[in-house]
J.: 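Dropping a structure here in structure tokens format, bear with me for questions.
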Amino acid sequence: LLKKCDDLTIMMEIWFEPFAANYKNALKILEDSGFECYVIKDLGDLRKLDYADILDYSLEMKKKLFKNQVNLDNLVFKKN
């Protein structure tokens with residue numbers, strides 16, 4: 001279904017600590033199905049994020065928003 005739908009947007013909350021296998025598996029499935037990953041910027045617009053940079057982004061958010069206490073975010077996945 002993920003590979004067949006061309007106009008599909010998925011939003012997923014990801015807890016980066018612990019970055020459990022279920023998140024790794026879900027991200028792999030989305031990437032293999034042709035979805036691009038985006039973060040939601042402060043004003044609500046989207047910024048593309050390479051899958052390889054997701055963990056680096058999580059560290060950035062942990063320092064910026066959560067004062068090193070919680071490390072989660074909602075990522076958007078769109079098929080283009």
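Computation of the quantities below employed the complete heavy-atom set of this structure, encompassing side-chain atoms and omitting hydrogens, waters and symmetry-equivalent molecules. Residue numbers run from 1 in the order of the sequence given.
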J.: For Lys78 and Tyr38, work out which heavy atoms get closest and say how close.
T.: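 Where Lys78 meets Tyr38 most closely, the heavy atoms are CB-CE1, 3.9 Å.
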J.: Is the closest side-chain heavy-atom distance between Phe35 and Leu8 below 4.5 Å?
T.: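 Heavy-atom side-chain distance check passes, below 4.5 Å.
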J.: Output every pair passing salt bridge (charged side-chain N to carboxylate O under 4.0 Å, His left out) with a member in residues 45-55, not counting sequence neighbours, ordered by first then second residue.
T.: Glu36-Lys48, Lys41-Asp45
J.: Please examine the side chains of Cys37 and Leu30, heavy atoms only from C-beta on, and report whether any two atoms are closer than 4.5 Å.
T.: no
J.: Spell out, yes or no, whether Ile10 and Leu27 are grouped together once hydrophobic residues are joined by side-chain heavy atoms under 4.5 Å, including indirect joins.
T.: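 Hydrophobic grouping puts Ile10 with Leu27.
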J.: I'd like to check the salt bridge (charged side-chain N to carboxylate O under 4.0 Å, His left out) partners of Glu31; sequence neighbours left out, ordered by chain and number.
T.: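 Once residues adjacent in sequence are excluded, Glu31 has no partner under the salt bridge (charged side-chain N to carboxylate O under 4.0 Å, His left out) criterion.
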J.: Do Val39 and Asn74 touch side chain to side chain, with heavy atoms closer than 4.5 Å?
T.: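 Counting from C-beta outward, Val39 and Asn74 never come under 4.5 Å.
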J.: Would Met11 end up clustered with Tyr23 when hydrophobic side chains under 4.5 Å apart are linked, directly or stepwise?
T.: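 Each belongs to a different hydrophobic cluster.
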J.: With sequence neighbours left out, write down each residue that passes salt bridge (charged side-chain N to carboxylate O under 4.0 Å, His left out) with Asp7, or none if nothing qualifies.
T.: none
J.: Where do Phe77 and Tyr51 come nearest, in terms of heavy atoms and distance?
T.: CD2-OH, 3.5 Å
J.: Return yes if some donor-acceptor pair links the side-chain N/O of Ser58 with the main-chain N/O of Leu55 below 3.5 Å, else return no.
T.: yes
J.: Out of Asp73, Val76, Leu75, which one pairs with Ile40 under the side-chain contact (heavy atoms from CB on, under 4.5 Å) rule?
T.: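 Checked Asp73, Val76, Leu75 against Ile40; only one passes side-chain contact (heavy atoms from CB on, under 4.5 Å): Val76.
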